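Just below is one structure, and these are the notes that go with it.
Values in this document were obtained by computation on a predicted structure and should not be read as measured data. For the numbers below, each heavy atom of this structure counts, side chains included, while hydrogens, waters and symmetry mates do not.
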Amino acid sequence: MSMTGYSLTVEQGCAIESAMCELEVQAEAETVLCIDCSGAILGQAGTLEGHILDTVSALSAGSFAATHELSRVLGEGGFEAVHHQGHKKGIYIHSVAEEFRIVVVFAKPTTIGLVKLYAAKTIKEITPLLMHVINQGLAPMGQESVTFDLDPNAVPFNETEAHRAATSN
Amino acid sequence: MSFVSFQKREITFKLVYYGPPLSGKTTNLELLHKVIPATERGDMTMLSTRQDRTLYFDFLPLQSNAIKGFVSKFQLYTVPGQPIYTETRRIVLNGVDGVVFVADSQWSEMEANTDSFENLKENLATDDVSLEDLPHILQFNKRDLPEIAPIHYLEFMLNRGEHRVPSFESVATEGTGIRESLNAMAKLVMARFIKEHKMEIGEVINREDLAVSDA
Ligand SMILES: Nc1nc2c(ncn2[C@@H]2O[C@H](COP(=O)(O)OP(=O)(O)OP(=O)(O)O)[C@@H](O)[C@H]2O)c(=O)[nH]1
Ligand SMILES: [Mg+2]
(Lines give C-alpha, C1' and ligand atoms only; values in the text may rest on other atoms or scores of the structure.)
(Ligands and ions follow the chains in the order given, each with its own letter.)
Protein backbone atom coordinates (compact mmCIF):
# COMPACT_ATOMS: atom_id res chain seq x y z
CA MET A 1 0.00 0.00 0.00
CA SER A 2 1.27 3.48 -0.76
CA MET A 3 2.66 5.33 2.21
CA THR A 4 0.52 8.39 1.61
CA GLY A 5 -2.86 6.74 1.41
CA TYR A 6 -5.66 5.01 -0.36
CA SER A 7 -9.34 5.51 -1.02
CA LEU A 8 -12.66 3.77 -1.55
CA THR A 9 -15.01 4.73 -4.36
CA VAL A 10 -18.72 5.09 -3.65
CA GLU A 11 -19.36 1.65 -5.19
CA GLN A 12 -16.59 0.02 -3.17
CA GLY A 13 -17.81 1.68 0.01
CA CYS A 14 -21.33 0.41 -0.63
CA ALA A 15 -20.08 -3.10 -1.41
CA ILE A 16 -18.17 -3.23 1.88
CA GLU A 17 -21.08 -1.89 3.89
CA SER A 18 -23.50 -4.38 2.39
CA ALA A 19 -21.07 -7.21 3.15
CA MET A 20 -20.88 -5.95 6.75
CA CYS A 21 -24.69 -5.79 6.97
CA GLU A 22 -25.02 -9.30 5.68
CA LEU A 23 -22.51 -10.60 8.22
CA GLU A 24 -24.20 -8.70 11.02
CA VAL A 25 -27.57 -10.25 10.18
CA GLN A 26 -26.35 -13.78 9.49
CA ALA A 27 -24.10 -14.05 12.54
CA GLU A 28 -26.62 -12.14 14.66
CA ALA A 29 -23.78 -9.87 15.69
CA GLU A 30 -24.09 -6.57 17.51
CA THR A 31 -21.66 -4.61 15.38
CA VAL A 32 -19.41 -5.50 12.47
CA LEU A 33 -16.57 -3.31 11.22
CA CYS A 34 -14.13 -3.41 8.33
CA ILE A 35 -11.03 -1.44 9.36
CA ASP A 36 -7.45 -1.01 8.17
CA CYS A 37 -4.38 -1.95 10.18
CA SER A 38 -3.98 1.57 11.52
CA GLY A 39 -7.57 1.77 12.73
CA ALA A 40 -9.44 3.76 10.02
CA ILE A 41 -12.98 2.52 9.36
CA LEU A 42 -13.92 1.43 5.82
CA GLY A 43 -17.45 0.35 6.62
CA GLN A 44 -19.66 -0.83 9.43
CA ALA A 45 -23.05 -2.25 10.35
CA GLY A 46 -24.86 -2.66 13.63
CA THR A 47 -25.93 -0.82 16.73
CA LEU A 48 -22.80 1.13 17.65
CA GLU A 49 -22.44 4.56 16.08
CA GLY A 50 -20.60 7.85 16.37
CA HIS A 51 -17.16 8.37 17.87
CA ILE A 52 -17.33 5.17 19.90
CA LEU A 53 -16.79 3.32 16.61
CA ASP A 54 -13.46 5.15 16.23
CA THR A 55 -12.46 3.99 19.69
CA VAL A 56 -13.53 0.39 19.07
CA SER A 57 -11.65 0.48 15.79
CA ALA A 58 -8.44 1.95 17.27
CA LEU A 59 -8.43 -0.55 20.13
CA SER A 60 -9.21 -3.50 17.85
CA ALA A 61 -6.40 -2.55 15.47
CA GLY A 62 -4.09 -2.13 18.48
CA SER A 63 -5.13 -5.40 20.07
CA PHE A 64 -4.64 -7.31 16.84
CA ALA A 65 -1.28 -5.66 16.17
CA ALA A 66 0.02 -6.45 19.68
CA THR A 67 -1.07 -10.10 19.48
CA HIS A 68 0.34 -10.43 15.98
CA GLU A 69 3.66 -8.99 17.11
CA LEU A 70 3.70 -11.27 20.15
CA SER A 71 3.24 -14.32 17.97
CA ARG A 72 6.01 -13.14 15.69
CA VAL A 73 8.38 -12.71 18.65
CA LEU A 74 7.50 -16.25 19.75
CA GLY A 75 8.41 -17.58 16.29
CA GLU A 76 4.82 -18.30 15.34
CA GLY A 77 4.88 -15.95 12.34
CA GLY A 78 1.70 -14.05 13.15
CA PHE A 79 -1.87 -15.05 13.98
CA GLU A 80 -4.69 -14.60 11.51
CA ALA A 81 -7.37 -14.00 14.10
CA VAL A 82 -7.88 -13.08 17.74
CA HIS A 83 -10.88 -13.76 19.90
CA HIS A 84 -11.66 -12.22 23.27
CA GLN A 85 -14.56 -13.56 25.31
CA GLY A 86 -16.21 -11.74 28.19
CA HIS A 87 -19.18 -12.69 30.33
CA LYS A 88 -21.76 -11.22 28.03
CA LYS A 89 -19.92 -10.10 24.93
CA GLY A 90 -17.28 -11.45 22.64
CA ILE A 91 -15.09 -9.85 20.02
CA TYR A 92 -13.55 -11.57 17.02
CA ILE A 93 -10.94 -9.93 14.81
CA HIS A 94 -9.70 -11.53 11.60
CA SER A 95 -7.19 -10.15 9.10
CA VAL A 96 -8.17 -9.74 5.44
CA ALA A 97 -5.79 -9.08 2.53
CA GLU A 98 -3.05 -8.47 5.14
CA GLU A 99 -3.75 -4.76 5.55
CA PHE A 100 -7.35 -4.96 6.74
CA ARG A 101 -9.37 -6.45 9.64
CA ILE A 102 -12.93 -7.58 10.12
CA VAL A 103 -14.13 -6.92 13.66
CA VAL A 104 -17.25 -8.68 14.96
CA VAL A 105 -18.76 -7.69 18.30
CA PHE A 106 -21.32 -10.24 19.42
CA ALA A 107 -23.40 -11.19 22.45
CA LYS A 108 -25.30 -14.26 23.58
CA PRO A 109 -27.03 -16.26 22.19
CA THR A 110 -24.66 -15.99 19.22
CA THR A 111 -21.65 -18.26 19.52
CA ILE A 112 -18.08 -17.85 18.37
CA GLY A 113 -18.58 -20.85 16.09
CA LEU A 114 -21.34 -19.09 14.21
CA VAL A 115 -19.34 -15.87 14.01
CA LYS A 116 -16.29 -17.69 12.61
CA LEU A 117 -18.40 -19.54 10.06
CA TYR A 118 -20.04 -16.45 8.59
CA ALA A 119 -16.96 -14.25 8.94
CA ALA A 120 -15.02 -16.74 6.81
CA LYS A 121 -17.64 -16.42 4.09
CA THR A 122 -17.56 -12.60 4.20
CA ILE A 123 -13.77 -12.54 4.13
CA LYS A 124 -13.73 -14.74 1.06
CA GLU A 125 -16.16 -12.38 -0.65
CA ILE A 126 -14.41 -9.09 0.08
CA THR A 127 -10.77 -10.17 -0.29
CA PRO A 128 -10.59 -9.46 -4.07
CA LEU A 129 -12.15 -6.04 -3.57
CA LEU A 130 -9.71 -5.11 -0.79
CA MET A 131 -6.73 -6.37 -2.82
CA HIS A 132 -7.87 -4.03 -5.56
CA VAL A 133 -8.24 -1.14 -3.11
CA ILE A 134 -4.62 -1.58 -1.99
CA ASN A 135 -3.42 -1.06 -5.54
CA GLN A 136 -5.61 1.81 -6.70
CA GLY A 137 -4.07 4.52 -4.48
CA LEU A 138 -5.59 7.87 -3.62
CA ALA A 139 -7.26 8.72 -6.95
CA PRO A 140 -9.19 5.70 -8.18
CA MET A 141 -10.57 5.57 -11.71
CA GLY A 142 -13.99 7.18 -11.87
CA GLN A 143 -13.27 9.71 -9.11
CA GLU A 144 -10.91 11.97 -11.10
CA SER A 145 -13.34 14.86 -11.00
CA VAL A 146 -13.24 15.08 -7.21
CA THR A 147 -10.78 17.67 -6.00
CA PHE A 148 -9.99 18.70 -2.46
CA ASP A 149 -9.73 22.31 -1.38
CA LEU A 150 -8.31 23.66 1.79
CA ASP A 151 -9.32 27.16 2.68
CA PRO A 152 -5.89 28.71 3.39
CA ASN A 153 -7.39 30.72 6.24
CA ALA A 154 -9.39 27.87 7.72
CA VAL A 155 -8.38 26.89 11.21
CA PRO A 156 -9.02 23.16 11.68
CA PHE A 157 -9.75 23.58 15.38
CA ASN A 158 -10.88 27.04 16.44
CA GLU A 159 -10.25 28.59 19.81
CA THR A 160 -13.23 28.08 22.11
CA GLU A 161 -14.44 29.51 25.40
CA ALA A 162 -13.20 26.33 27.06
CA HIS A 163 -9.73 26.97 25.70
CA ARG A 164 -9.68 30.59 26.85
CA ALA A 165 -10.84 29.48 30.30
CA ALA A 166 -8.20 26.76 30.51
CA THR A 167 -5.34 29.07 29.56
CA SER A 168 -6.32 32.22 31.41
CA ASN A 169 -4.76 31.60 34.80
CA MET B 1 -1.60 6.80 5.47
CA SER B 2 -4.64 8.94 4.80
CA PHE B 3 -7.84 7.17 3.83
CA VAL B 4 -10.66 8.69 1.76
CA SER B 5 -14.16 7.28 1.65
CA PHE B 6 -15.96 8.86 -1.30
CA GLN B 7 -19.08 7.07 -0.11
CA LYS B 8 -19.10 8.60 3.39
CA ARG B 9 -17.32 11.74 2.20
CA GLU B 10 -14.75 11.32 4.95
CA ILE B 11 -10.98 11.56 5.08
CA THR B 12 -9.14 9.89 7.96
CA PHE B 13 -5.69 11.00 9.12
CA LYS B 14 -3.53 9.51 11.86
CA LEU B 15 -1.43 11.83 14.03
CA VAL B 16 1.05 10.50 16.58
CA TYR B 17 2.46 12.42 19.57
CA TYR B 18 5.99 11.11 20.06
CA GLY B 19 8.74 12.04 22.51
CA PRO B 20 10.82 11.11 25.55
CA PRO B 21 9.39 9.75 28.82
CA LEU B 22 7.19 12.18 30.78
CA SER B 23 7.55 14.98 28.22
CA GLY B 24 3.79 15.69 28.27
CA LYS B 25 2.33 13.68 25.34
CA THR B 26 -0.62 12.34 27.33
CA THR B 27 -1.18 15.80 28.84
CA ASN B 28 -1.48 17.26 25.31
CA LEU B 29 -4.34 14.90 24.49
CA GLU B 30 -6.00 15.41 27.88
CA LEU B 31 -6.04 19.18 27.44
CA LEU B 32 -7.21 18.95 23.82
CA HIS B 33 -10.04 16.74 25.02
CA LYS B 34 -10.88 19.42 27.54
CA VAL B 35 -10.82 22.44 25.22
CA ILE B 36 -12.25 21.03 21.97
CA PRO B 37 -16.07 21.09 21.91
CA ALA B 38 -17.81 17.73 22.30
CA THR B 39 -19.28 18.06 18.78
CA GLU B 40 -15.75 17.90 17.32
CA ARG B 41 -14.33 15.10 19.44
CA GLY B 42 -15.02 11.69 20.93
CA ASP B 43 -13.98 10.27 24.29
CA MET B 44 -10.35 9.87 25.23
CA THR B 45 -9.02 6.36 25.82
CA MET B 46 -5.88 5.79 27.90
CA LEU B 47 -4.03 2.51 28.09
CA SER B 48 -1.77 3.25 31.02
CA THR B 49 -0.13 1.73 34.09
CA ARG B 50 -1.33 2.39 37.60
CA GLN B 51 1.23 5.19 37.85
CA ASP B 52 -0.36 7.00 34.88
CA ARG B 53 2.46 6.08 32.55
CA THR B 54 1.36 5.25 29.03
CA LEU B 55 1.61 1.50 28.49
CA TYR B 56 0.40 1.11 24.91
CA PHE B 57 -1.19 4.34 23.62
CA ASP B 58 -3.73 7.06 24.31
CA PHE B 59 -6.37 7.74 21.70
CA LEU B 60 -8.52 10.78 20.95
CA PRO B 61 -10.70 11.05 17.80
CA LEU B 62 -11.33 14.56 16.42
CA GLN B 63 -13.12 15.90 13.37
CA SER B 64 -13.00 19.13 11.41
CA ASN B 65 -14.56 20.70 8.31
CA ALA B 66 -11.35 22.25 7.01
CA ILE B 67 -11.54 20.41 3.67
CA LYS B 68 -14.63 21.55 1.76
CA GLY B 69 -17.39 19.01 1.30
CA PHE B 70 -15.68 16.33 3.40
CA VAL B 71 -15.40 15.53 7.08
CA SER B 72 -11.73 15.35 8.05
CA LYS B 73 -11.22 12.88 10.86
CA PHE B 74 -8.02 13.17 12.88
CA GLN B 75 -7.16 10.13 15.00
CA LEU B 76 -4.71 11.30 17.68
CA TYR B 77 -2.42 8.76 19.34
CA THR B 78 0.39 9.05 21.87
CA VAL B 79 3.19 6.54 22.27
CA PRO B 80 4.68 5.40 25.59
CA GLY B 81 7.95 7.31 26.09
CA GLN B 82 9.79 4.81 28.26
CA PRO B 83 12.72 3.24 26.38
CA ILE B 84 11.60 -0.38 26.92
CA TYR B 85 8.44 0.16 24.91
CA THR B 86 10.12 0.63 21.55
CA GLU B 87 8.23 -2.26 19.90
CA THR B 88 4.99 -0.71 21.07
CA ARG B 89 5.95 2.65 19.58
CA ARG B 90 6.68 0.96 16.29
CA ILE B 91 3.18 -0.56 16.24
CA VAL B 92 1.52 2.77 17.06
CA LEU B 93 3.47 4.52 14.28
CA ASN B 94 2.08 2.14 11.67
CA GLY B 95 0.24 4.17 9.02
CA VAL B 96 1.07 7.56 10.56
CA ASP B 97 0.38 10.76 8.56
CA GLY B 98 2.03 13.27 10.89
CA VAL B 99 4.16 13.36 14.05
CA VAL B 100 4.09 15.97 16.80
CA PHE B 101 7.40 15.55 18.60
CA VAL B 102 6.88 16.69 22.20
CA ALA B 103 10.28 17.59 23.65
CA ASP B 104 10.92 18.25 27.34
CA SER B 105 12.58 21.67 27.60
CA GLN B 106 14.42 20.91 30.85
CA TRP B 107 18.22 20.82 30.64
CA SER B 108 18.21 17.47 32.42
CA GLU B 109 16.20 15.91 29.57
CA MET B 110 18.34 16.89 26.57
CA GLU B 111 19.80 13.43 26.09
CA ALA B 112 16.35 11.87 26.48
CA ASN B 113 15.07 14.23 23.76
CA THR B 114 17.76 13.35 21.25
CA ASP B 115 17.53 9.62 22.07
CA SER B 116 13.80 9.67 21.47
CA PHE B 117 14.25 11.63 18.25
CA GLU B 118 16.74 9.02 16.98
CA ASN B 119 14.38 6.26 18.09
CA LEU B 120 11.61 7.88 16.05
CA LYS B 121 13.78 7.86 12.92
CA GLU B 122 14.78 4.23 13.51
CA ASN B 123 11.21 3.09 14.04
CA LEU B 124 10.03 4.88 10.91
CA ALA B 125 12.90 3.37 8.94
CA THR B 126 11.69 -0.16 9.75
CA ASP B 127 8.57 0.76 7.76
CA ASP B 128 10.71 2.40 5.03
CA VAL B 129 9.57 5.88 6.00
CA SER B 130 12.04 8.73 6.40
CA LEU B 131 11.27 11.49 8.86
CA GLU B 132 12.31 14.05 6.21
CA ASP B 133 9.41 12.86 4.06
CA LEU B 134 6.85 12.74 6.84
CA PRO B 135 4.99 15.90 7.92
CA HIS B 136 6.13 16.66 11.47
CA ILE B 137 6.47 19.53 13.91
CA LEU B 138 8.29 20.14 17.17
CA GLN B 139 6.70 21.16 20.43
CA PHE B 140 9.00 22.45 23.17
CA ASN B 141 7.01 21.69 26.29
CA LYS B 142 7.29 22.62 29.98
CA ARG B 143 8.28 26.22 29.24
CA ASP B 144 6.97 27.11 32.73
CA LEU B 145 9.79 25.32 34.55
CA PRO B 146 12.94 27.11 35.79
CA GLU B 147 15.83 25.00 34.47
CA ILE B 148 15.03 25.01 30.78
CA ALA B 149 17.13 25.30 27.65
CA PRO B 150 16.59 28.35 25.42
CA ILE B 151 14.63 27.82 22.21
CA HIS B 152 17.62 28.31 19.91
CA TYR B 153 19.40 25.49 21.73
CA LEU B 154 16.45 23.13 21.34
CA GLU B 155 16.20 24.12 17.68
CA PHE B 156 19.89 23.39 17.24
CA MET B 157 19.49 19.95 18.83
CA LEU B 158 16.29 18.83 17.11
CA ASN B 159 15.57 21.01 14.08
CA ARG B 160 18.64 20.55 11.93
CA GLY B 161 17.25 18.65 8.96
CA GLU B 162 17.54 19.93 5.42
CA HIS B 163 14.13 21.56 5.83
CA ARG B 164 13.35 23.39 9.04
CA VAL B 165 10.04 22.25 10.50
CA PRO B 166 7.59 24.47 12.44
CA SER B 167 8.14 24.54 16.21
CA PHE B 168 5.99 25.69 19.11
CA GLU B 169 6.53 26.51 22.75
CA SER B 170 4.03 25.01 25.14
CA VAL B 171 2.92 24.49 28.70
CA ALA B 172 0.70 21.47 28.17
CA THR B 173 -0.58 21.39 31.73
CA GLU B 174 -2.04 24.88 31.21
CA GLY B 175 -3.17 24.24 27.64
CA THR B 176 -0.77 26.84 26.22
CA GLY B 177 0.50 26.12 22.71
CA ILE B 178 -1.26 22.79 22.31
CA ARG B 179 -4.03 23.94 19.98
CA GLU B 180 -1.51 25.87 17.87
CA SER B 181 0.61 22.71 17.55
CA LEU B 182 -2.40 20.61 16.57
CA ASN B 183 -3.58 23.12 13.98
CA ALA B 184 -0.16 23.42 12.40
CA MET B 185 0.14 19.63 12.28
CA ALA B 186 -3.35 19.19 10.83
CA LYS B 187 -2.69 21.81 8.14
CA LEU B 188 0.63 20.25 7.11
CA VAL B 189 -0.98 16.83 6.85
CA MET B 190 -3.93 18.12 4.82
CA ALA B 191 -1.69 20.13 2.50
CA ARG B 192 0.42 17.02 1.87
CA PHE B 193 -2.70 14.98 1.20
CA ILE B 194 -4.08 17.50 -1.31
CA LYS B 195 -0.76 17.68 -3.12
CA GLU B 196 -0.42 13.88 -3.35
CA HIS B 197 -3.99 13.60 -4.53
CA LYS B 198 -3.43 16.13 -7.32
CA MET B 199 -0.33 14.27 -8.45
CA GLU B 200 -2.20 10.98 -8.54
CA ILE B 201 -5.07 12.53 -10.50
CA GLY B 202 -2.50 13.74 -13.03
CA GLU B 203 -1.20 10.19 -13.34
CA VAL B 204 -4.67 8.72 -13.74
CA ILE B 205 -5.50 11.22 -16.48
CA ASN B 206 -2.22 10.45 -18.23
CA ARG B 207 -2.98 6.75 -18.09
CA GLU B 208 -6.36 7.39 -19.67
CA ASP B 209 -4.86 9.57 -22.40
CA LEU B 210 -2.42 6.78 -23.21
CA ALA B 211 -5.24 4.26 -23.29
CA VAL B 212 -7.16 6.49 -25.70
CA SER B 213 -4.19 7.08 -28.01
CA ASP B 214 -3.47 3.32 -28.01
CA ALA B 215 -6.96 2.54 -29.22
N1 LIG C 1 5.46 21.87 34.74
C2 LIG C 1 4.94 21.21 33.69
N3 LIG C 1 4.62 19.92 33.85
C4 LIG C 1 4.11 19.27 32.78
C5 LIG C 1 3.89 19.91 31.54
N6 LIG C 1 3.38 19.01 30.68
C7 LIG C 1 3.26 17.84 31.36
N8 LIG C 1 3.70 17.98 32.63
C9 LIG C 1 3.74 16.97 33.70
O10 LIG C 1 4.69 15.97 33.35
C11 LIG C 1 4.27 14.69 33.81
C12 LIG C 1 4.22 13.70 32.68
O13 LIG C 1 3.23 14.06 31.75
P14 LIG C 1 2.57 13.01 30.75
O15 LIG C 1 1.68 13.77 29.85
O16 LIG C 1 2.02 11.86 31.47
O17 LIG C 1 3.88 12.54 29.96
P18 LIG C 1 4.01 11.46 28.79
O19 LIG C 1 4.89 12.07 27.78
O20 LIG C 1 2.67 11.02 28.35
O21 LIG C 1 4.76 10.26 29.56
P22 LIG C 1 4.89 8.71 29.11
O23 LIG C 1 3.53 8.25 28.72
O24 LIG C 1 5.40 7.94 30.27
O25 LIG C 1 5.84 8.70 27.98
C26 LIG C 1 2.90 14.91 34.46
O27 LIG C 1 3.06 15.02 35.85
C28 LIG C 1 2.44 16.21 33.86
O29 LIG C 1 1.54 16.91 34.71
C30 LIG C 1 4.25 21.29 31.42
O31 LIG C 1 4.11 21.93 30.38
N32 LIG C 1 4.77 21.89 32.53
MG1 LIG D 1 1.81 9.19 28.24
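A distance of 9.5 Å separates CG of Leu8(A) from CZ of Phe6(B), quoted to the nearest 0.5 Å. Atom CG of Leu150(A) sits about 13.5 Å away from atom CZ of Phe70(B), to the nearest 0.5 Å. Going from atom NZ of Lys34(B) over to atom OG1 of Thr160(A) covers 11.5 Å, rounded to the nearest 0.5 Å. To the nearest 0.5 angstrom, Leu42(A) atom CG is 7.5 Å from Lys8(B) atom NZ.
Using a 4.5 Å heavy-atom cutoff, the side chains of Gln7(B) and Glu17(A) are in contact.
At a 4.5 Å heavy-atom cutoff, the contact between Ile41(A) and chain B is made by backbone and side-chain atoms alike. Both the backbone and the side chain of Gln63(B) come within less than 4.5 Å of a heavy atom of chain A. For a residue to count as touching a neighbouring chain, one of its non-hydrogen atoms must lie under 4.5 Å from one of that chain's; by this rule Phe13(B) does not touch chain A. For Thr9(A), the part lying under 4.5 angstrom from a heavy atom of chain B is the backbone only. In this structure, no portion of Glu161(A) lies under 4.5 Å from any heavy atom of chain B. Only the side chain of Leu47(B) comes within less than 4.5 Å of a heavy atom in chain A; its backbone stays farther off. Heavy atoms closer than 4.5 Å to chain A are found in the side chain of Lys14(B), but not in its backbone. For Phe59(B), the part lying under 4.5 angstrom from a heavy atom of chain A is the side chain only. Within the 4.5 angstrom heavy-atom criterion, no atom of Leu93(B) approaches chain A. Proximity to chain A (any heavy atom under 4.5 Å) is shown, for Ile67(B), by both the backbone and the side chain.
A 6.0 Å sphere centred on CG of Asp43(B) holds no more than 12 heavy atoms belonging to other residues, nucleotides or ligands. Atom NZ of Lys89(A) has 12 or fewer heavy atoms from other residues, nucleotides or ligands within 6.0 Å. Counting heavy atoms of neighbouring residues, nucleotides and ligands inside a 6.0 Å radius, atom CD1 of Ile52(A) does not exceed 12 of them.
In this structure a side-chain-to-backbone donor-acceptor pair under 3.5 Å is missing from Tyr6(A) to Ser2(B). Between the side chain of Glu200(B) and the backbone N or O of Leu138(A) there is at least one donor-acceptor pair closer than 3.5 Å. At least one donor-acceptor pair under 3.5 Å links the side chain of Asn183(B) to the backbone N or O of Phe157(A). Counting only distance, with no hydrogens or angles, the side chain of Arg179(B) and the backbone of His163(A) share no donor-acceptor pair below 3.5 Å.
Residues Phe148(A) and Val4(B) approach most closely at CZ-CG1, 4.0 Å, considering heavy atoms. Heavy atoms only, all atoms of each residue included: Gly62(A) and Phe57(B) are closest at CA-CE2, 4.1 Å. The two atoms that bring Ile91(B) and Ala65(A) nearest to each other are CG2-CB, 3.4 Å, heavy atoms only. Closest approach of Ser38(A) and Asn94(B) over heavy atoms only: CB-O, 3.3 Å. The shortest non-hydrogen separation linking Ala66(B) to Pro156(A) is CB-CA, 4.2 Å.
Chain A forms more heavy-atom pairs under 4.5 Å with one residue of Arg90(B), Glu87(B), Glu196(B), Glu10(B) than with any other, namely Glu196(B). Highest contact tally toward chain A, considering only Ile178(B), Leu31(B), Leu62(B), Asn65(B), is held by Leu62(B) [criterion: heavy-atom pairs under 4.5 Å].
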